[in-house]
Amino acid sequence: MVVILIDGQASPAKVVRHAVASRRLRLAVPGLLGNRYMGRRLERTLHAWPGVEEVKAEPRSGRLLLRYGPEAPLLERLEEEGEDVSSEAPAAHEPPPRRPQAPAQPPPDEEPWHARTVDEVLRRCRTDRQGLSRAEAAARLKRHGANVVNGCPPRSRWSLLRAQVATVPMGLLMGSAAASALAGDVLESTAILAVVGLNAGIGYRIERRNEALLASWQRLEAGQAQVLRDGVLQDVPASDLVVGDVLLVRAGDVLPADARVLESHRLSVDEAPLTGESEPQPKGADPVAEDAPLAERHAMLYAGTAVSSGHGRAVIVATGSAMALARVRKLVEETVAPPTPMSRKLDRLDRRVALFSVGATVLSGAVGLAHGRPLAQVLRGAVALGVAALPEGLPIVATAALVRSMQRLHARGMVVRRVASAEALGGVTVICADKTGTLTRNEMRLEVLDVGQGAVDLASLRARPDAVLEDAPSLALAAALLNSDVDVHRNGHEVIIAGSATERALVTAAHDAGLDGAQLRRAYPRRRLMERSEGIHYVVSLHEAPEGGVAFVKGAPEQIIRLCSRDANGPLDARSRERLLKRNQALAEDGLRVLALGWRRVDLSRDEARDADYTFIGFMGLRDPLREGAADTLRQARVAGIRTIILTGDQKHTAEAVARQVGLRGETLVAKEVTARLSSPGGAEGDWLERVSVLARVTPEDKMALVRALRARGEIVAMAGDGINDAPALKAADVGVAVGARSSDMARQMADVVMAGEDLRGIIHAVGEGRIVQDNLRRSIRFLFATNLSEMALVVGASLLNAREPLLPLQLLWLNLLTDTLPGLALALEPGDADILDRPPAPPDAPLLPGDMARQVVRDALLMAGLGAAGMVLGGPPLAFGMLTAAQLGYAPVCRAPRHIHGGGYQGSGRFTVLVGGAVAMQGLALVVPPLRAVLGLPAPTWRAFAGLATGLVLPMTVSGLYRQGRRVLRRAAPRASVLVPADLEMSP
Amino acid sequence: MKFHLPSFLLGYTAGAGSVLLSRHVRPLLVELATSAYRFGDMVMARTAIKQEDLEDLLAEAKARARRATANGHANGHARA
C-alpha cells in the first residue's frame, strides 16, 4: 500500500507490481479509472517526488506507472511484489470509491463486544463516557465512511425484460423464428418474433407496474440520532455516526447503529425484525457469555431494532457494512433464488421435444433424399417439420394463464413480483411461516384477568373508578396502570401509549375498561418507583392515596406470591399458595405471559420495608394474539395436503403454545438441534424433517438452512415472513411471501409475492390460484402437443409414402399461431375446479405431461392425423389442411375438465365458446376470403371442403364421448365381477 | 407517386407507436446503452491492463538482460 496525498486528501494506492530490476512501480489508484483529470493531477504531484523519473497515469486501466532512478529514497525501500491477480482487473462498472476504507473495521462477529466490560469497550473504541470530540468524530467519519447500508437495488428495467425473454418457451419460439428465417420464410419468422415481442411486452409491463407499486410502499427512515460530542448533547444525522460515539436512546427510537450499552434505565428493545423474538428484550450494561446468540446479547443494541421502553446510553461499536443488519443483507445477496418448478419442468419437456423434433426432421430428410427429391426441397421440408414440432402457442398460452392468475390475486390484495411465481404457488408442499408478525400480530394484549374467581370476561368488564381499592377487577387494572412506566398522550381522538409492549397492553386494557389514566394518576400521584434488579423480578410503586399511602407490586408470580400474606379471601396458607402457583402454571402452559399483582397500605413518611405483607390481587395473562385467519389458514393448508412449519426466534414454550393455538402437531426443535442434525452426515435425509412442525430460537441462517434442506428433499417450499430476519429464507424458498404492507422493506424486496393485507388466508387462495394455473396449463399442453404431433404425423407419413406435401409452411404457421393458440388460450383461462383445495398437491417431480396423458396425446394425435390423411386421399392437400384444422378445433372441448366437476355445466363457458368459436370463424374465413385463400394456397371452396370442416369439428367429440362411455361401462362391470368372485369363494365349501 | 395504403398505415403506426411508447421505452434504452458503455469500458480497461502487463514484462526482461550484460562486463574488467 502506498498512500498518495492529493489536495490534502490521503488516497491509498495498491501496489500491483514492483520490479526493482527495472525500477518500475505499477500502482492501482482508486478513483483514477475513467478520470483523466485525476490522472494529470497525479502525474504532477508524483513527479515532484525525489528520484522519480517518469509518471504515467492511465485512466483507461485505473493504474499508474512510476519509474524511478537509482537513488529514489523512499521507493527503493518498497519490497518487490509479485503479480497481484486480484488487483489486475478493476471492474469497469464499479462506482468510484468515495473514501479510503482502510483501516477496515473488524466485523462484529470477530469482536465480542457483548462479552467485554464497559471500560474495556470504551478503551478499545478509544472513547469515554462523554463521547468523542467533534474533530475526532470528523476524522473517523472520513476514515471509515458514512453509516449507511446500501439498500437492495430495485430490479432494473433491463433485468425485468431479460427475465421475460430468457425462458425456455421463449427460447423455443426464437429458435423456431431462426429456423424459419433460415428456411427463407420471412413472413413466418416475423410473425413468430411478433409473438415473442407480445409475450415479453405483457410480462414486462405487469412486472414493471408491480415493482413501481412496491417501491411506493418503501418506508421513510428517520435520519437523526442524539449523541454526545465534546460532552454536549447533539442531534447528528444517522449517516454521520462513527464508532466511539456515545448514543442516547429512549422509547420509540429506531437504533441507527450497533452499540454496546453503557447504562440503562428500564431499557428494553423490540428486536423482532432482526431476531424474530416477539418479547422486547431487557438491556443492561453487564457483559454476557461470548458465545451467546444474537437474541440473548442483552448488552448490545442493534441497528434496525426499536427501543420499546426506558432510556439509556450506549457506545457505538459498528457502523455501515459492519453492522449485524448489513450481515443479513450480505446473506441475502449470497443466496441464489431457485428457478421456478415450471421452468424446470418445461426445461425437461423441451429437451424431449427438441430430441423428437430433430429425430423426425432427420428421418423426413433421409426419406426425401432416398426418394430422390432435390436437396433444397428436402431441406425446406425438414425445417418446416422442425417448426411444426415446436409448440409456438405455448409461451403465449402460459403467459395468459399466469397473467390471469396474477390479476385474480391482485384483486385479493396480493402483488406478484415474478409472473412465474403464480404457478409455483400451485405446487407448494410445505409452508414455512414466521411466527412473530406473520402468524401473530406482534402486539401484546391482555387476555386473562383472574382475581380469584377464575377469568373475568374482559369484553364486558366495566371498571369502577369511584371504588378502585374496593372492587377487585378495578383494583387489578388500576394497579397495573399506576405501576406501569408509560407515556400516554392524545392525538385527536386517538390515545397513543408509548412504552414496553407488556405495559402498553395493561394500560390499554385499563383504558378499555373505563379507567381514565390521567385522572387516576392525579388521584394516586406516584411518589417512588422501585425497578427490577438482579434477582428481583417485580416493580414496586408507591402512591399517595385518599386514606394514606399505597404500594402496588407487579411482576413474576412466584416472587409476588412470596411477598403476599393474604388475598381477598383472607390469609394465605401453604395450600392457598400452592393453589395460586398451580393457577400460574396453568396460565403459563397455555402460552400466556403471566404477571401477578399485589397491594398494601404504606406510610409514605416512614422508610419501612416494602418487600412483604402484600395482599394478593390476581393474575394477568398476556399474549401476542394470532392474526386474523391464522388458524384457519393452517387448517386449510392441511386439507390441501400442505405441511406447515412455524419458524420463530421465540423461546420453545412460546412457540409450542402458538402451535397448539393454531392446531399444529409435531416435533418442536430449537435451532441448535437443527444445526446439529443438518451438519451430521446424512442429517438432511432423515425422516425428522417430516415430523418437525416448530423451530424455535432460529436465526436468519437457520431459517435459510431449513428451507434449503426441505428443497433438497424435493419439497416445493413457500416461506411466509415479514422481518429482515426472514429475507434470506424468502429468497431461498421456491416462493417467498411477504406478509403485510407493514413488512420490512428487505422482506418485500426479496419476496416473490407481497400481501398488502395481513389475512393469511390469502396464501391459501394464492395456492388455489396456482393449482388452477397448473391444471389449465396441463390441459393446454395436452391440446398443443396433440395438435402439433398430428401435424408432424401427417407430414412424416406423407414423406414416408412419397406422397405430396400435405401442409405448406404457411399453413403450418396458420395452424400453430392462430387456430391452435385460440383454443389453447381458452383452455388456459378456464375458471378452475371448485374442489381445487381439497386435494393434495401434485408431486413436485411430476412431469408436465405424465405417462397416461402422453399416451392420450399420441392416441388423439394419430386420430387427428388420420382425419387429415383421409382428407388428403379424398381431396388432396387443401382438404387435408381443412380437415386437420377442423379436427384440431373440435379437439379443444375434449381437453376441458370433466363436466361433473362443474355440476354438469361449465362456468365461464362464454369465454371458451368465444375463443374457440373465433378460431372456427377464422378457419371459415380462410376458406372463403380470396386474399387469405391466396396466402394459404387454398383453392375456391367446394361442398366437400365444408363437409370436411363439419366432420372434423364433430368427430373428436364423438370419438371421445364413445371412448368415455365405453370406459364407464367397463368400470361399472369391473366392480360387479370383483364383488361376485369373493362371494362365490365364500359360498364354496 | 402512387399512394399505397398498407405502406401508409405501416408508417403511420410506426410513427404513432414510437411517440406513444417513447415515455416507457426511453428509460429502458438508457439502461441498455449504459450496459453497452459499461461493457465497452470494461473491454478497454482489460485491454489497457494487458498492454501494461506486457510493457512491464518487457521492461523487466530488458532490465535484467542489461544488468546481466553489465555484470558480465564488470566481471570481465575485474578479471582483467
Side-chain angles (χ1 to χ4, degrees), chain A residues 16-28 32-35 39 54 56-67 70 80-85 87-96 153-162 164 190 197 200-201 204-205 208-209 211-212 931, chain B residues 4-7 9-11 13-75:
Chain A
V16 175
R17 194 174 296 111
H18 181 210
V20 176
S22 54
R23 295 194 298 273
R24 287 162 72 95
L25 179 64
R26 183 77 68 182
L27 299 170
L32 175 60
L33 195 70
N35 188 344
E54 185 194 349
K56 203 168 132 193
E58 180 51 85
R60 281 187 306 153
S61 63
R63 306 199 304 188
L64 178 142
L65 172 70
L66 213 147
R67 236 162 37 75
E80 186 158 5
E81 285 188 19
E83 215 165 287
D84 189 344
V85 178
S87 66
E88 273 206 333
H93 59 270
E94 272 178 8
R155 289 174 74 196
S156 69
R157 286 163 192 265
W158 168 236
S159 76
L160 283 176
L161 188 68
R162 201 178 44 204
Q164 311 308 318
T190 314
Y204 171 81
R205 185 163 163 66
R208 175 86 199 131
R209 206 176 49 192
E211 288 293 323
Chain B
H4 188 241
L5 182 67
S7 303
L9 287 177
L10 199 66
T13 315
S18 57
V19 169
L20 288 173
L21 287 176
S22 61
R23 195 160 55 91
H24 300 287
V25 172
R26 194 181 176 283
L28 181 67
L29 289 179
V30 169
E31 271 183 28
L32 284 176
T34 311
S35 304
Y37 271 117
R38 275 183 189 157
F39 181 74
D41 289 349
M42 190 194 73
V43 171
M44 293 274 280
R46 294 267 164 114
T47 314
I49 285 168
K50 291 297 162 200
Q51 207 177 332
E52 285 171 2
D53 289 347
L54 184 68
E55 220 175 82
D56 289 349
L57 185 140
L58 292 177
E60 191 178 345
K62 189 176 169 187
R64 284 188 185 183
R66 299 282 152 84
R67 194 164 60 180
T69 315
N71 285 347
H73 282 302
N75 289 343

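Lettering follows sequence order; numbering is per chain, from 1. The analysis underlying the following values was restricted to heavy atoms, covering all of them including side chains, and did not include hydrogens, waters or symmetry mates.
Each of B/E55, B/M44, B/Q51 has some count of heavy-atom pairs under 4.5 Å with chain A, and the biggest count is that of B/E55.
For the pair B/A48 and A/S61, the tightest heavy-atom approach, listed with the atom from each and the gap, is CB-CB, 3.8 Å. Minimum interatomic distance between A/A21 and B/A63 (heavy atoms only, all atoms of both residues): O-CB, 3.5 Å.
With respect to B/D53, the salt bridge (Lys or Arg N to Asp or Glu O under 4.0 Å) criterion is satisfied by exactly one of A/R26, A/R24, A/R63: A/R63.
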Practice problem: Show your reasoning for whether side chain to side chain contact (heavy atoms under 4.5 Å, CB included) applies to B/D56 and A/L65. | Solution: CA-CA 9 Å; B/D56 289 349; A/L65 172 70; 4.2 Å; yes
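Both the backbone and the side chain of B/E52 come within contact range of chain A, each with at least one heavy atom under 4.5 Å from a heavy atom of that chain.
Ion pair B/E60/A/R17 not flagged as a salt bridge, since none of the NZ, NE, NH1 or NH2 atoms sits closer than 4.0 Å to an Asp/Glu carboxylate oxygen.
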